[in-house]
Amino acid sequence: MSAEMSTETSTVEEFRAEVRAWLEAHVPAEPLPSWTERAGFDLHRAWERTLFEGGYAAVDWPAAYGGRDAGLRRSIAFAEEYYRAGAPERINMGGLYLLGPVLMQYGTPEQCERWIPDLLACRTIWCQGFSEPESGSDLASLRTRAERDGDHYVVNGQKIWTSMGGFADWIFALVRTDPEVGRRRKHHGITFLCIDLRSPGVEVRPLAMVDGTRGFAEVFFTDVRVPVENVVGEVDQGWRVAMSTLGFERGAVFGDHAKFTADVEALAALVRVRGLEDDTRALDELGRVLVETEVYRANVYRLAGIAEAGGDLDSTASINKVFWTQMQHDIFATGLRLMEEDGAVVGDPAAVPYADAATRRSWADWHHRYWYARAAMIFGGTNEIQRNIISERVLGLPMEPRP
Amino acid sequence: MSAEMSTETSTVEEFRAEVRAWLEAHVPAEPLPSWTERAGFDLHRAWERTLFEGGYAAVDWPAAYGGRDAGLRRSIAFAEEYYRAGAPERINMGGLYLLGPVLMQYGTPEQCERWIPDLLACRTIWCQGFSEPESGSDLASLRTRAERDGDHYVVNGQKIWTSMGGFADWIFALVRTDPEVGRRRKHHGITFLCIDLRSPGVEVRPLAMVDGTRGFAEVFFTDVRVPVENVVGEVDQGWRVAMSTLGFERGAVFGDHAKFTADVEALAALVRVRGLEDDTRALDELGRVLVETEVYRANVYRLAGIAEAGGDLDSTASINKVFWTQMQHDIFATGLRLMEEDGAVVGDPAAVPYADAATRRSWADWHHRYWYARAAMIFGGTNEIQRNIISERVLGLPMEPRP
Amino acid sequence: MTTTHPTTDERQELVRLTADLLGRHCGPEQLRERLDAGTAHTPELWGRLAETGLVSALVAEERGGAGLDPSYLSGVLVSLGEHAVPEPFLETAVVATSVLAAFPDSALAVSWLERIGAGDALVAVRLGALTPYVVHAGDADLVLDLAEDGTVRALLPADVDVTPVQALDPLRPLATVIRRGEDAGTVLGVAPAAVERARVLAVAGAACLLAGASRRLLDLTVEYVGVRRQFDRPVGSFQAVKHAIADLAVMVDMATSAALSAFDAVDEPDARRRAWAAKAYAGDAADRANVSALQLHGGIGFTWEYHLHLWLKRVMGLAASYGTTVTLRRELAVELLARTGEATER
Amino acid sequence: MTTTHPTTDERQELVRLTADLLGRHCGPEQLRERLDAGTAHTPELWGRLAETGLVSALVAEERGGAGLDPSYLSGVLVSLGEHAVPEPFLETAVVATSVLAAFPDSALAVSWLERIGAGDALVAVRLGALTPYVVHAGDADLVLDLAEDGTVRALLPADVDVTPVQALDPLRPLATVIRRGEDAGTVLGVAPAAVERARVLAVAGAACLLAGASRRLLDLTVEYVGVRRQFDRPVGSFQAVKHAIADLAVMVDMATSAALSAFDAVDEPDARRRAWAAKAYAGDAADRANVSALQLHGGIGFTWEYHLHLWLKRVMGLAASYGTTVTLRRELAVELLARTGEATER
């Protein structure tokens with residue numbers, strides 16, 4: 001990301017004021033319906049278009065692609081204002097947080113120009129095609145094959161857990177281009193490939209999840225022809241690109257702390273609605289997650305400082321991922337616990353207005369976010385995998401014996 | 001243990017009333033000073049003598065050795081009354097809870113007659129000699145050697161963590177009698193041997209612990225001659241005897257739940273002293289450990305039922321050990337937490353009477369028990385080892401690959 | 001009333017019978033059918049439970065039942081929990097039969113007892129603060145309303161407004177129940193002891209169901225990590241996975257012990273304390289089971305297609321019913337302070 | 001007052017200097033000597049800290065110091081925590097210098113500032129409810145008493161009754177301090193802002209010390225399990241051990257981040273919230289460090305001979321000082337409710 005590349009001339013606080021005014025004028029008065037159904041999705045996409053047209057789709061990205069070159073501090077300020085305003089959930093996350101940064105690091109100028117502006121304007125929705133049914137934690141054991149045929153690859157295989165899969169236009173996928181070398185060294189012979197989901201031979205099956213929503217999908221490839229120019233990075237060297245992607249997925253999304261701060265404020269609203277303002281146990285639970293979000297905020301700013309100084313954030317990604325996913329789980333589990341018997345009710349109980357005007361949360365949202373928080377401890381590399389990485393690569397503890 | 005062998009004719013409730021009356025007449029009015037110093041130790045030993053003379057040293061043991069053949073239920077009732085009365089801590093635990101049961105299972109009649117009555121009368125204090133500096137969790141890697149020389153073994157080596165080591169008269173130890181077979185199969189060639197600590201060549205060095213007390217010791221053996229008749233069980237087959245001992249150490253000590261119930265009542269006293277009766281967070285913490293002790297009590301009775309029906313308690317020992325040691329830690333950690341700033345003060349703060357008359361606890365006792373609770377998660381096989389046993393032997397999960 | 005507890009053999013036989021029945025008629029496929037159909041209770045399964053004699057087990061012999069002590073059903077309840085049975089068995093066959101039997105002179109009570117014994121009635125139970133939502137109220141032929149003061153009312157569907165809420169666990173439907181006016185329903189009498197016993201039965205019984213459901217989550221997880229391979233070895237061979245499961249097994253085992261023991265002790269002097277503690281702990285164990293089972297299953301556990309979520313939701317629903325861990329343990333702490341405070345003053 | 005924050009290089013240089021000094025003069029052996037001698041503070045170590053300029057770093061140049069912003073010392077405090085330094089550095093060099101500087105017209109305040117800057121004075125600080133026990137009060141030449149209303153008193157040893165209590169951590173001695181009568185001591189003035197800043201410095205500084213001490217427990221554990229072998233492999237190669245350490249590393253890392261950031265932000269508008277949060281979290285991290293370090297060391301960690309207990313006790317002592325996790329997070333929750341409640345009403 002472009003920590004030092006800002007061409008923006010306003011101060012951070014001037015920029016913040018501008019963003020705040022724009023959001024006040026544009027954020028929908030009522031929360032949008034969930035994007036996991038088509039109607040809500042279309043509204044979210046329209047909102048993304050509004051954001052793009054305002055110049056706010058990704059303020060720290062190059063102006064050439066539709067960003068603002070605003071630098072890291074203004075990007076954080078934007079996110080803080082965005083969540084404070086209760087603006088809609090972003091929907092093109094795979095593109096914004098993963099593919100975009102990866103393209104800027106590994107992509108050719110042609111690829112950047114071809115894909116980034118559409119991504120930013122939300123004209124194309126991207127999803128991630130890494131996991132396979134038999135390759136979860138052990139990602140490198142992936143089996144989806146891509147065989148070279150002239151100036152195309154022919155792709156066969158299956159991906160799973162592609163988030164937004166049911167709505168996506170494109171997928172960035174890991175495919176095995178050299179099975180021979182992969183048999184000896186499984187991290188080799190993998191290629192990072194962008195695939196148009198409208199290609200013949202692609203079948204997308206939305207996956208119904210535990211709460212009935214369909215935010216994920218399975219994607220099946222049968223003799224799908226993909227132009228060789230869709231390879232990002234070097235052929236057979238996709239593992240490095242994948243690791244970089246996972247680094248973005250695990251590491252700090254600068255500004256995300258504001259989302260959790262908003263969540264904790266919603267929790268405070270819940271404490272008020274339940275009349276627990278003087279219950280020291282409730283205060284203890286509220287205080288615990290509040291402390292976590294403050295700590296996370298401090299850490300985001302520390303990491304931003306490292307990034308601005310050109311430092312390496314690799315060793316911080318796994319620690320960051322374990323912390324924020326546990327914090328997020330704590331927040332929503334605390335919410336359910338504070339709800340007592342109402343924690344077992346998904347819809348808003350008739351008698352109690354859990355939808356808090358100030359925080360624009362419905363009780364059903366809480367449940368949805370709760371399950372998402374559970375999933376976050378698994379996706380992007382399970383927290384167990386992160387603990388392996390922390391102990392072996394960050395702390396230098398001895399490896400486990402191999403079987 | 002003699003679950004079904006009772007020759008006692010009173011009902012459990014009659015027996016309980018008798019015990020209660022006896023304890024009311026005999027329990028010292030003031031708590032005894034800690035047994036970790038000699039003066040306190042002598043007072044505890046005198047108390048054990050009083051108990052023995054009253055016939056209460058081990059009510060479920062055979063009358064022939066000084067017990068009462070009272071059966072399991074009366075033994076539990078005894079323990080409940082004992083802790084309720086705030087009677088002194090038992091000091092010959094290695095003898096009472098480990099060696100005694102082991103001798104009754106593996107010892108010859110001669111060994112039982114020779115050692116049990118003295119043990120019960122606290123004329124001899126026993127300590128356990130299993131761990132060595134390089135053999136903790138990996139107990140079977142022990143190196144203390146015993147070489148046969150006529151009708152003696154000659155013992156060389158070192159034991160550590162022998163609790164009460166500084167005061168003990170005898171040690172029951174694991175020694176390697178066949179190093180040859182041990183090199184191939186390390187659980188073989190080990191023998192369970194009782195050693196008089198007054199033998200020439202024995203050196204006992206008390207170990208100062210984290211809180212300054214000296215409850216443990218190291219024991220060094222240099223050419224110590226031990227008669228062969230001191231072997232318990234079969235020569236070279238001591239691992240089985242050791243596992244049985246550890247089963248007693250990990251498994252339910254029937255009646256011990258009453259100790260934890262008394263601890264939680266002391267915690268309730270602490271809540272009162274701190275004026276936290278209406279603080280829902282304090283109530284939550286108190287309630288949590290109270291629930292644990294109730295659950296543990298239920299489990300003790302369940303296990304007693306299994307034992308009375310002649311069932312096997314082996315598979316329950318590790319679960320029991322993990323639970324009670326964590327519960328004990330929870331109790332004392334909760335105490336420290338409820339003390340707030342006073343948790344960092346060992347002596348009774350002048351201003352606050354933490355010694356509660358009803359529970360006969362000084363604040364220094366709390367600290368001592370806290371560190372003991374920490375130790376309990378390690379001794380008798382660390383809780384990590386117990387989790388290995390639970391997952392592999394109780395639940396049947398696959399073994400880890402060997403290096 | 002002399003209580004006769006079952007022998008170990010009798011217990012095992014009953015549990016075996018229950019598990020066998022449920023294995024055949026209440027497997028994940030059948031649960032999924034109900035989910036798709038949008039119904040929890042089915043007359044078929046209830047009929048089978050009745051045929052086997054489980055529904056009428058506690059009904060007196062002269063009313064057509066077996067006249068057994070509740071302790072005969074503790075293991076059965078754990079088994080019902082293991083199978084996530086979507087029927088008001090605890091409410092109808094345990095709590096209602098116990099309460100109704102306290103009014104032998106009420107013809108209405110007797111007739112409902114007989115209907116229950118015959119398998120012809122589903123009963124929902126409202127227990128004051130313990131039941132802000134009443135389970136299976138929409139399916140019930142009768143709602144027993146047990147007030148804090150011991151007043152017991154029989155409410156027919158026409159006597160109440162039943163408003164379903166969207167329960168997290170659709171196979172354990174919840175509703176708010178409001179009497180239609182002060183005079184709605186029939187007062188069977190005022191029986192504080194019977195109501196207190198009903199509370200204890202409900203709370204201890206919920207602990208049994210919860211321990212059973214948690215055990216199923218444990219079993220499903222043990223099974224899955226034994227089969228699922230990553231890095232060329234079963235996931236269950238990784239020590240961190242094993243230890244997480246071991247910790248869960250400790251809690252589930254202890255929760256089961258406490259729940260069975262509390263349910264068997266409903267007529268002991270400390271019945272309330274034991275029931276409250278068992279349910280409070282079962283709630284904690286269930287929470288651990290919920291978190292660990294899903295984490296160790298990984299992605300597949302999140303899918304609607306895989307059946308793990310049936311138990312995830314069941315434990316969340318049960319943990320929030322008949323007193324949550326937080327409220328129960330607070331009440332226990334208050335009671336302990338009162339009890340030991342008195343002792344100090346003496 | 002314009003504040004100048006140190007550059008990254010300056011920070012690293014200061015921390016390197018501190019660690020180097022402490023490595024030579026405050027190793028486990030030296031700590032043990034003090035333990036055996038029954039003293040915490042020694043003039044020798046304090047003299048070295050003063051010589052290096054650390055004690056006078058925040059004292060204005062015209063008073064003989066370097067006139068630096070407190071943020072120069074955040075990393076130094078973490079290092080002091082790592083070395084379990086048994087001196088009132090936070091109290092004397094940070095809190096006292098900050099408070100005394102608020103009274104430039106008081107000759108008494110100025111003279112104490114100069115004595116501190118010269119390395120000639122140890123100061124203890126009483127901060128109302130945050131300090132039921134005052135650390136190093138017995139060693140202090142001066143006790144600064146900062147009342148909730150902003151009144152600042154200078155108390156000489158003759159003005160107070162200092163009653164030592166038996167601290168869990170003998171190298172961080174505690175005492176109760178009572179003024180000898182209403183008139184004892186000298187009122188320097190009433191400065192609510194300076195007292196609030198002192199509170200924030202003390203709490204954020206304690207968070208830094210605590211994060212440092214926790215990091216040492218982590219480091220000692222990583223080192224030990226790398227060396228200790230059981231079952232023919234390093235204990236640290238067992239996955240359950242690794243994951244326990246990884247979880248600890250996450251907490252220690254985040255605690256350090258938050259503590260440094262809070263201390264650097266003492267003059268920001270949200271300074272109090274950041275300090276309170278940092279200390280609350282550092283207390284939780286320290287608790288985890290305490291539990292995990294001892295568990296993973298096993299028996300040897302319990303011995304007086306091995307030095308782990310120095311840090312175990314240090315983290316317990318620090319966690320119980322300058323606000324516990326429980327009190328701090330409760331205050332934060334109350335503040336959040338007040339803040340967001342107002343927003344709702346607007």
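Lettering of chains follows the sequences in order, A, B, ..., and the numbering in each one begins at 1. From a predicted model like this one, the values you see are computed outputs, not experimental measurements. For the numbers below, each heavy atom of this structure counts, side chains included, while hydrogens, waters and symmetry mates do not.
- Interface remark: of the candidates B:Ile390, B:Asp278, B:Val271, B:Ile319, B:Ile319 forms the most heavy-atom pairs closer than 4.5 Å to chain C.
- For CD of C:Glu223, the number of neighbouring non-hydrogen atoms (other residues, nucleotides, ligands) closer than 6.0 Å is 12 at most.
- Most heavy-atom pairs under 4.5 Å with chain C, from the set B:Asn299, B:Leu395, B:Val322: that is B:Asn299.
- Of the two parts of B:Val295, the backbone and the side chain both hold a non-hydrogen atom closer than 4.5 Å to a non-hydrogen atom of chain C.
- Residue contact with chain C, scored on non-hydrogen atoms closer than 4.5 Å, involves the side chain of B:Leu290 exclusively.
- B:Leu283 CG to C:Glu331 CD: the interatomic distance, rounded to the nearest 0.5 Å, is 11.0 Å.
- Across every non-hydrogen atom of B:Glu277 and C:Leu337, the tightest pair is CA-CD1, 4.1 Å.
- The shortest side-chain heavy-atom distance between B:Glu384 and C:Gln239 does not fall under the 4.5 Å cut-off.
- Here the CZ atom belonging to B:Arg281 is positioned 12.0 Å from the CZ atom belonging to C:Arg330, to the nearest 0.5 angstrom.
- Salt bridge status for C:Asp247 with B:Arg387: present, with a side-chain N to carboxylate O gap under 4.0 Å.
- Separation of atoms OG1 (B:Thr293) and CG (C:Leu336) is listed at 8.5 Å; rounding is to 0.5 Å.
- At a cut-off of 3.5 Å, with distance as the only test, no side-chain donor of C:Thr325 or B:Arg288 sits close to an acceptor on the other residue.
- Ion pairing of C:Asp264 with B:Arg302 is absent here, as no side-chain N (NZ or NE/NH1/NH2) approaches a carboxylate O to less than 4.0 Å.
- For the residue pair C:Val225 and B:Leu397, the shortest heavy atom distance occurs at CG2-CD2, 3.5 Å.
- In terms of heavy-atom pairs under 4.5 Å with chain B, the best-connected choice from C:Ala265, C:Gly226, C:Gly236, C:Ala258 is C:Gly236.
- Residues C:Ser237 and B:Pro401 share a closest heavy-atom pair of O-CD, 4.4 Å.
- One distance of note links OG of C:Ser257 with OH of B:Tyr296; it measures 11.0 Å at 0.5 Å rounding.
- Here C:Lys242 contributes atom NZ and B:Glu400 contributes atom CD; the two are 5.0 Å apart, rounded to the nearest 0.5 Å.
- Within residues 270-296 of chain C, the residues that have a heavy atom under 4.5 Å from a heavy atom of chain B are C:Asp270, C:Arg273, C:Arg274, C:Ala277, C:Ala280, C:Tyr281, C:Asp284, listed by number.
- For a residue to count as touching a neighbouring chain, one of its non-hydrogen atoms must lie under 4.5 Å from one of that chain's; by this rule B:Gln386 does not touch chain C.
- Both the backbone and the side chain of B:Val264 come within contact range of chain C, judged by heavy atoms closer than 4.5 Å.
- A distance of 9.0 Å separates CD in B:Glu294 from OG in C:Ser261, rounded to the nearest 0.5 Å.
- For a residue to count as touching a neighbouring chain, one of its non-hydrogen atoms must lie under 4.5 Å from one of that chain's; by this rule B:Asn388 touches chain C with backbone and side chain alike.
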